[in-house]
Amino acid sequence: MASVVFEQIYKRYGTVTAVKNLSLEVRDCEFMVLVGPSGCGKTTALRMIAGLEEITEGRIKIGDKVVNDIEPRDRDIAMVFQNYALYPHMSVYDNMAFGLKIRRMPKSEIDARLAEAAKQLGIDQYLHRRPKELSGGQRQRVALGRAIVREPQVFLMDEPLSNLDAKLRVQTRAELIKLHRRLGITTIYVTHDQVEAMTMGDRIAVMKDGVLQQCDSPMEIYRKPVNLFVAGFIGTPSMNFLPGTVTESIDGELVVDVKAFTFDIPAEHKERVAGMKGRKVILGMRPADMFDASLKNPVGVSARNCLTALVDVVEPMGDIVTAYLKVGDAGVCEVDLVATLDGQTGAKSGAKMSVLVDVSRSHLFDAETEEAIY
Amino acid sequence: MASVVFEQIYKRYGTVTAVKNLSLEVRDCEFMVLVGPSGCGKTTALRMIAGLEEITEGRIKIGDKVVNDIEPRDRDIAMVFQNYALYPHMSVYDNMAFGLKIRRMPKSEIDARLAEAAKQLGIDQYLHRRPKELSGGQRQRVALGRAIVREPQVFLMDEPLSNLDAKLRVQTRAELIKLHRRLGITTIYVTHDQVEAMTMGDRIAVMKDGVLQQCDSPMEIYRKPVNLFVAGFIGTPSMNFLPGTVTESIDGELVVDVKAFTFDIPAEHKERVAGMKGRKVILGMRPADMFDASLKNPVGVSARNCLTALVDVVEPMGDIVTAYLKVGDAGVCEVDLVATLDGQTGAKSGAKMSVLVDVSRSHLFDAETEEAIY
Amino acid sequence: MSERINKSPIGPVAALVIGSIAMLLPLGWMLLTSLKTFPEVLAYPPVWWPAHPQWNNYIEAFRQFHFAGYLRNSLFLVALNVTGTLVSCTMAAYAFAFLEWRHKNILFGLLLSSMMLPGQVTVIPLFQLYVKLHWINTYWPLTIPSWLGCNVFGIFLLRQFFLTIPKDYLNAARIDGASEWLILRKVIIPMASPALLTVGVFTFVGSWNDLWGPLIFLHDERLYTLPVGLMNFIGMAGTAEGTPWHLMMAVATTMMLPIVMLFFFAQKSFIEGIATAGIKE
Amino acid sequence: RDSRVASPRELTWMLPSDLDRPLYEGILRDFAQAHPEIPIKPVWVTPGQYQVKLRTLLAANQAPDIFRCGDVWVANMLPFLHDITPLVERDAQQIDLDDIYPEVRAASCYKCRYYFIPSWYNVSLLYYNKKLFDERGVAYPRADWTWDNYIQAARKLTYRRPNGDQIWGSDMTTGWWGEWLIYVRQSGGDLFDPSVERCTLDSPSAVRGLEFYFDRMSQYHVVAPLGFSPPNGFAGGKIAMLPGGHVGSWVTYNKLPNLDWDIQVMPRGPFSQKGGEIAMDSWGISKTCNNPEAAWTLIKFITSKDGIRRQVLDGHLSIRRSVSAELKQQLTSRRPANRDASYRALQFGQRIPQSPDFIELAIDIVQPEVDLMLQGRQSPKQAAHKAAAAANQFMKVLGRSRSKG
Amino acid sequence: METREKKWFWTMAAPAVTGFVFFVLGPMLYSLFLSFTKFDVVSPPVWIGTGNYSYLLHDDPAFWPSVRVTLIFTAVSVPLALIIALIVALLLNTNVRGIGVFRTIYYLPSLLPSVASGVLWVWVFDPNVGLFNSLLRLIGIQGPGWTSSVVWALPALIIMSLWGFGGSMVIFLAGLQGVSRSLYEAASLDGAGPWEKFVHVTIPQISPVIFFNLTTGLIGAMKVFDNAYVFGAASGAGPGGPARATLFYVLNLYQKAFNYFHMGLGSAMAWLLFIAIMVLTAINFLLAKRWVHQAN
Ligand SMILES: Nc1ncnc2c1ncn2[C@@H]1O[C@H](COP(=O)(O)OP(=O)(O)OP(=O)(O)O)[C@@H](O)[C@H]1O
Ligand SMILES: Nc1ncnc2c1ncn2[C@@H]1O[C@H](COP(=O)(O)OP(=O)(O)OP(=O)(O)O)[C@@H](O)[C@H]1O
Ligand SMILES: [Mg+2]
Ligand SMILES: [Mg+2]
């Protein structure tokens, strides 16, 4: 087990800079998720740890050792590839044993390790099959098994779940977490799916265009995104963004005016906004922080911020309903909002409804820098 | 616009029966979703409508016409394929115009139709690009556009969203619904993703092993699944299933005994269960119908059915947390449960917690026939 | 081999350079010989480098051996064969890849097994057949077979390539109202261009270099192609003046040029064509 | 393209496209002037492929009206040849048969019938490079040379020049019967018995001939080791003597200004001087020709005195005594100076066995054994015995049944 | 629908099937018939039963030598060409700048008309002034008289045919490009060096391509004609010479059928070859089950 440290890492391909000035410490035994949209440099970062890409600038340390010039085979890491990269011509057993055989481990020990890993992963009855004779989920487990038996210092995983179907993905997610808990091996996990990131990571590193945006625990990132990008990227459906201005209300309080209506500024943030009058801002509001006013009010939500909205589309999802709403005068200052409402809502596509907003959970961003104000 | 009717359709490939005795009416202008696990025959059913597979037995009618022996080109349908099947060597314009040119439509009319469709779909600025120069979402829209301009009687879509990433999928879902509402063309939509089925369909037809299980509106299917399969398939995370027996409690009431504990039978279903004492059953409980007892009780949930559980894994997802629980004595009658709890829950992996169950929403299935009792 | 392709590998490149010198040596010898005078050709010990490059040899070769006429004939045949092969093989490959008929795999196997057939098995009966058809000393025997899909390897390669094209493209076009012809022309052919190029190159080379066919079926010198023309030169070897090596090398060099150019420019798509077709039995 | 097939009235004439091409093009031009009523369409083919082409055309029933038909092939092609005996007899006066060297005339008959008329003949001669003889001070070959004289001269002529050039006393013809058959015959043997039903190469005298053929390389070292013969052989100027050379080479030898060459009859063997080969280069008419009369006109034109004269002037050997006499003066300045030797050699000449299987037997059955002998893999005696056994087996199983069938 | 596709199938396949029937199947069967006859082109074929076959197997002095030459050639040149082609393909399988030039250079010789390359090589092998012996002389060795030596003529032909390994090389190259890079990456993380990667990833992954090249190479070697024919003609050794050292099977067949018009005999030889190739290919396919990794 070891920590992994990026020190001002750059990676350039010709004129493209895939990773820019990345500094990040993955602690010993931590499960770190690198997340970001496609092309943001996650895979590149991961492959630099593995030694599959050269580092253009900066240093990477595994444990205390700078690994820039160490061959992949000597870094004591294991990687799970997106397409698993199982050797198609070898049996499951041989796939898993390959790395050990090459390192000249005695056969008895290989068998012991394999037996244990296969049992843990529930693939012991497939050991003699070829990868193509396995289902997607089983293959995924073999890929994992191949990594586990090596007992490496660091696990690297590049979107290992993306080839699984939705149900299996959810299930495997939980298994991976359990596995990590049991083995306690430092793991760096790449995904573009923020749900995976949120549910799996001890900490999440959000990247965009090769630049690290924020690295923190999932809840912290969800609740306190440092900028517009992170706020929009994490959480599904995405946070609603309403461009507006900080203005003074009739009663002298600072409020956010988003044309269609105005929002209060939560008491605990008033201080920070003081003096920002006239500043162009973007108000952020998570779909889950809006409620059907006709149902019982959730505790602590002031009834003050209530909007009338036209329901555009309703997507029922069992106990929850996603409603696509239009607020404000059509053509003048109409705004689209998404809200996840309780399944008991009577919202019907085409009808009007009242929506209660939990302003205490709203976010505010500087329209220019896109940094969070609160 | 036309209805589509399956009349006792069979499809056999050699010894494999892909579709068994399917009778289903898709009403004019309806958005019907065919859903089911991989290999259940959805695609086969769809392709029989398109005329891409021969019908082994039975009749398919589009409108009033039996189409069994009509060529695909003469069925007046349009299809959106999973991988879009956009011709890579043609521009977006040519892709969309292909079907019209073949039907020798005058160029002026083609241009008019294309312009309108492209505007609707927001792809008007890409008309001269090749498919590979488009993002996944844009491609998806071109595929849709190609279907729309044909103005067919029926749209067939085979997992059109499965190649999009999570965010885009959610967004496109809503767009498709709006499109359907605007055009009002009968649409048959195949997916294996129950979330898509739930959110999009006017009605959902759930299939398994070539056999239609249930066809009804999404809410009806979610709330009143007709059998164990449908109950488990619809809803995420899946419904918890607890095998048990109908027994009599000390106070003479019939209850469901699942070893680790017993569940009350909701008042409105008591009648149905009467006389079933001793019957092997399976109790179903949706993760969303379980609550953290330490938070404020939801209205109307009796405090009577409260369990003590060991928290195994916690997956935070913003405002909601998925908790994997273990209930009962380890090794003896331990049961795994999944619950989606409010984000404010204090549940920690490894700790104990009290879980409240909304028994009024529980389901009961005959263990043998797997049919729903209530 | 190496996953770090961007690291320039000195060792392999050096090996490549040495190897290509070995490959080129005979060709260089050929080129140099084609520029020598006749005495230089015969000089012993050999003269490596011509004192005054005799570009005239090329003109001489052209003049003396009806080169222009052979060239025209070769080009004519190559053009016919390449077109014919592409048309007939594409059609057959389309049928075998996309259209269903119960016994098509047996038929395809039969077709493939004819690749094992030595051409000499059939040449005698073929000759009889062509006699009956009055095709001897005409271009029919050298062109009609290629228009009738007798390039089985071409069919094989194209079919393998077509199998990698998702069937949904065809289905989409069928639903759009296209006939199979139209699908082949407007959908499949544009998508299969690397494979078509590969088959085209193979056919070009095969037809350009074909010695056997013209040798057997043509008698009139005016119909001869370049390889047979070159055989003419060798025929001169019996006469005392000796083989006009320098002129022969000039002809050989000229014969090679079009093919070198063809491959150099088509090289990438050519290999891609083979790669995507995937050689699997 | 079918338009290239001759129109019915046109006569097709199949010609080898070799160095004689300009000659025949001239003949064609003149014939067109002399006989505008007989259009001729020449079909030029690769010389090396002439026989194969001709055979396939014969098989295809598309035979050219006039084609080359040496005596080597006549037995083989008899079924396709027009018997021109009546024409020859009718026009005996005009063609003046008596003017033709008697040996040539005799060799032009097959079983006493005429199937072709020769335009020139080949006879085995000893060719020598005067410059090399002068360089070593060796006397030129004489008509009464024996094998021994030849060997002695060759030994003297085999030497290395100060500049390193290797000069060889003699050349050796490999790959076909051309040279060894002469020695076999000169030592009293032959390849076949007269009826060509049995191979007699294993007779002691025949073996003797083979030995002489081989010893020049293995014993006397007057011939370059196998494969190391200087480039272009005799024409290359590094070989002093070429026994058994072909008169067809005159044309090309004369195009090499530095080659000062002459001829002599072949040296005499232990049994006789007779043994050289006479071969005809002649023209025959196809049986399928629908206007043999016109074809006959062309052949007469080619072999007329005028025709022969122009061929002789082009470097060929005359078949007509009158032409030889007439041009004698004019040709003295030309090589070979000792042109008479070529006429004299006729009396030492012999035809190859008249059997349809001869070529296949000689090339495919016998020659490989001779090759092995030259490689030093077997003695001449072994080679002769093995070749004879194989040839007899061939004739027993395939050849004889074929010639009868 | 099936009838519709069937109709289209036959429409599309019609030219090829017609060609197959008329130019392959028909002639094949006819030549089978001819192989039991005596046929000299001039007169009609005469049925002689298995006479041709028994002559070939028992009496023909050229048959077994030609089989021997062909087998030696096959056994030596096919594996050698395969190994060289694979090594070169491995070297060429990079994206270094200018790699196209190298690919062209290595592929070029196989594109050369066999007439041209035959002529060229006879010249290269010329004992006195040829390139080969000139080079050998530079290092002080007197080379053999290649084309006229029973010992060296076949090796010379083998060297000449090896020069044209480019055909299998491009196919190897294509195969190598199809090997997923992530397999190599996985292997290097597993601790494999270049050799282990070659043995455990490259070889199994391209085994279908190796098999393809092996099969076509064997078939091609058994059918060698052009090179041998031109070689014999240009070197002056005569077809198959010297002493049948380069008398390849098909060359022998050609001589019999087209030089001497033993068409029946030629047909019999052709059929024996066809059967031999089929047997060899069948064995090859059977053995392949043990070592060829099937992709799907
Ligand atoms: N070998 C390469 N050559 C040039 N550019 C590259 C190369 N590999 C990656 N890039 C570029 O670097 C950037 C980062 O790529 P990377 O694969 O790390 O993205 P990613 O975050 O993993 O995306 P995804 O989610 O799509 O896998 C992209 O813009 C990509 O185009
Ligand atoms: N051409 C065919 N030949 C034989 N069996 C087939 C064929 N096509 C489909 N099947 C079988 O028919 C069954 C239904 O296949 P179908 O493609 O309709 O499933 P599906 O519900 O669309 O699954 P998925 O979600 O994986 O696309 C499967 O068992 C499949 O294996
Ligand atoms: Mg990536
Ligand atoms: Mg499907």
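Labels below follow one simple rule: chain letters A, B, ... track the order of the sequence lines, proteins then strands, and each chain is numbered from 1.
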*Could you tell me which portion of C:Leu129 (side chain, backbone, both or neither) has an atom closer than 4.5 angstrom to a non-hydrogen atom of chain E?*
side chain

*What's the spacing between C:Ile144 CD1 and E:Thr18 OG1 if we round to 0.5 Å?*
11.5 Å

*Would the E:Phe9 and C:Phe98 ring centres measure less than 6.0 Å apart?*
no

*asked:* Let me confirm one number: the CD-OG1 distance from C:Glu180 to E:Thr11, rounded to the nearest 0.5 Å.
replied: 9.5 Å

*Hey, which of C:Met255, C:Lys104, C:Met91 has the most heavy atom pairs under 4.5 Å with chain E?*
C:Met91

*Under 4.5 Å, counting heavy-atom pairs only, tell me which of C:Val87, C:Thr33, C:Asn151 racks up the most with chain E.*
C:Thr33

_Gap separating the CG atom of E:Leu34 from the CD atom of C:Gln128, nearest 0.5 angstrom_ = 7.0 Å

*Using a cut-off of under 4.5 Å for heavy-atom pairs, which of E:Val88, E:Ile105, E:Asp126 has the most such pairs with chain C?*
E:Ile105

*With chain C, which of E:Leu25, E:Leu120, E:Val101, E:Leu29 has the greatest number of heavy-atom pairs at distances under 4.5 Å?*
E:Leu120

*Most heavy-atom pairs under 4.5 angstrom with chain C, which of E:Val201, E:Val250, E:Leu280, E:Ile84?*
E:Val250

_E:Lys223 to C:Met115 - nearest heavy-atom pair and separation_ = NZ-O, 3.3 Å

*Taking all heavy atoms of E:Trp121 and all of C:Pro26, pick out the closest pair and write down the distance.*
CZ2-CG, 3.8 Å

*Which residue out of E:Phe22, E:Phe225, E:Phe132 racks up the most heavy-atom pairs below 4.5 Å with chain C?*
E:Phe225

*Report yes if the side chains of E:Ile99 and C:Leu16 come closer than 4.5 Å at any heavy-atom pair, otherwise no.*
yes

*So does E:Phe33 have more than 12 non-hydrogen atoms from other groups sitting under 6.0 Å from CZ?*
yes

_C:Leu110 versus chain E, the contacting section by heavy-atom distance below 4.5 Å_ = both

*Checking heavy atoms, do the side chain of E:Leu253, its backbone, both or neither come under 4.5 Å from chain C?*
side chain

*Would you say C:Trp181 and E:Met12 make side-chain contact, with heavy atoms under 4.5 Å?*
yes

_A side-chain contact here means heavy atoms from C-beta on lying under 4.5 Å apart; do E:Phe20 and C:Val152 qualify?_
no

_Test item: E:Leu135 and C:Leu25 side chains (from C-beta on) under 4.5 Å apart, heavy atoms_ = yes

*Structural part of E:Leu108 lying under 4.5 Å from a heavy atom of chain C*: side chain

*Against chain C, label E:Ile219 side chain, backbone, both or neither, depending on which of its atoms sit under 4.5 Å from a heavy atom there.*
side chain

*asked:* Which residue is it: C:Val205, C:Asn209, C:Val260, C:Leu27? I am looking for the one with a side-chain contact (heavy atoms from CB on, under 4.5 Å) to E:Leu112.
replied: C:Leu27

_Choice from C:Pro145, C:Ser179, C:Ala252 maximising heavy atom contacts with chain E below 4.5 Å_ = C:Pro145

*Heavy-atom closest pair, residues E:Pro27 and C:Pro125*: O-CG, 3.1 Å

*Let me know if C:Tyr94 has heavy atoms under 4.5 Å from chain E in its side chain, its backbone, both or neither.*
side chain

_At a 4.5 Å cut-off on heavy atoms, which part of E:Val17 comes close to chain C: side chain, backbone, both, or neither?_
side chain

_For the interface with chain C, which of E:Leu91, E:Leu273, E:Leu131, E:Val122 has the highest count of heavy-atom pairs at distances below 4.5 Å?_
E:Leu131

*Can you say whether E:Phe125 sits under 4.5 Å from chain C via the side chain, the backbone, both, or neither, judging by heavy atoms?*
neither

*Would you name the heavy atoms of C:Ser113 and E:Phe274 that are closest together and state the gap between them?*
O-CE1, 4.4 Å

*Between E:Glu5 and C:Glu100, is there a donor-acceptor pair closer than 3.5 Å when you use the side chain of the first and the backbone of the second?*
yes

*With a 4.5 angstrom heavy-atom cut-off, which part of E:Thr216 approaches chain C: side chain, backbone, both or neither?*
neither

*Taking E:Trp8 for its side chain and C:Leu99 for its backbone only, find out whether a donor-acceptor pair lies under 3.5 Å.*
no

_Do E:Pro15 and C:Trp147 have side chains that approach each other closer than 4.5 Å (heavy atoms only, starting at C-beta)?_
no

*E:Ser31, part contacting chain C, at a heavy-atom distance under 4.5 Å*: both

*Out of curiosity, E:Leu32 CG to C:Thr122 OG1, how far, rounded to the nearest 0.5 Å?*
13.0 Å

_On a heavy-atom basis, which atom in E:Trp163 and which in C:Met23 lie closest, and how many Å separate them?_
NE1-O, 3.1 Å

_Residue selection (most heavy-atom pairs with chain C, distance under 4.5 Å) from E:Met263, E:Met222, E:Gln177_ = E:Met263

_Would the distance check show the side chain of E:Tyr106 and the main-chain N or O of C:Ser20 forming a donor-acceptor pair, the cut-off being under 3.5 Å?_
yes

_C:Val201 versus chain E, the contacting section by heavy-atom distance below 4.5 Å_ = neither

*Roughly how far apart are C:Ser114 OG and E:Phe23 CZ, rounded to 0.5 Å?*
13.5 Å

*Quick one: pull up CE in C:Met116 and OG1 in E:Thr215 and give me the separation to the nearest 0.5 Å.*
10.0 Å

*Non-hydrogen atoms of chain E under 4.5 Å away: do they reach the side chain of C:Ser146, the backbone, both or neither?*
neither

*Answer with side chain, backbone, both or neither: which region of C:Leu226 has an atom nearer than 4.5 Å to a non-hydrogen atom of chain E?*
neither

*Return the orientation label for the E:Tyr107 and C:Phe263 ring planes: parallel under 30°, perpendicular over 60°, tilted otherwise.*
tilted

_For the interface with chain E, which of C:Asp210, C:Val17, C:Val131 has the highest count of heavy-atom pairs at distances below 4.5 Å?_
C:Val17

*Non-hydrogen atoms of chain E under 4.5 Å away: do they reach the side chain of C:Phe108, the backbone, both or neither?*
neither

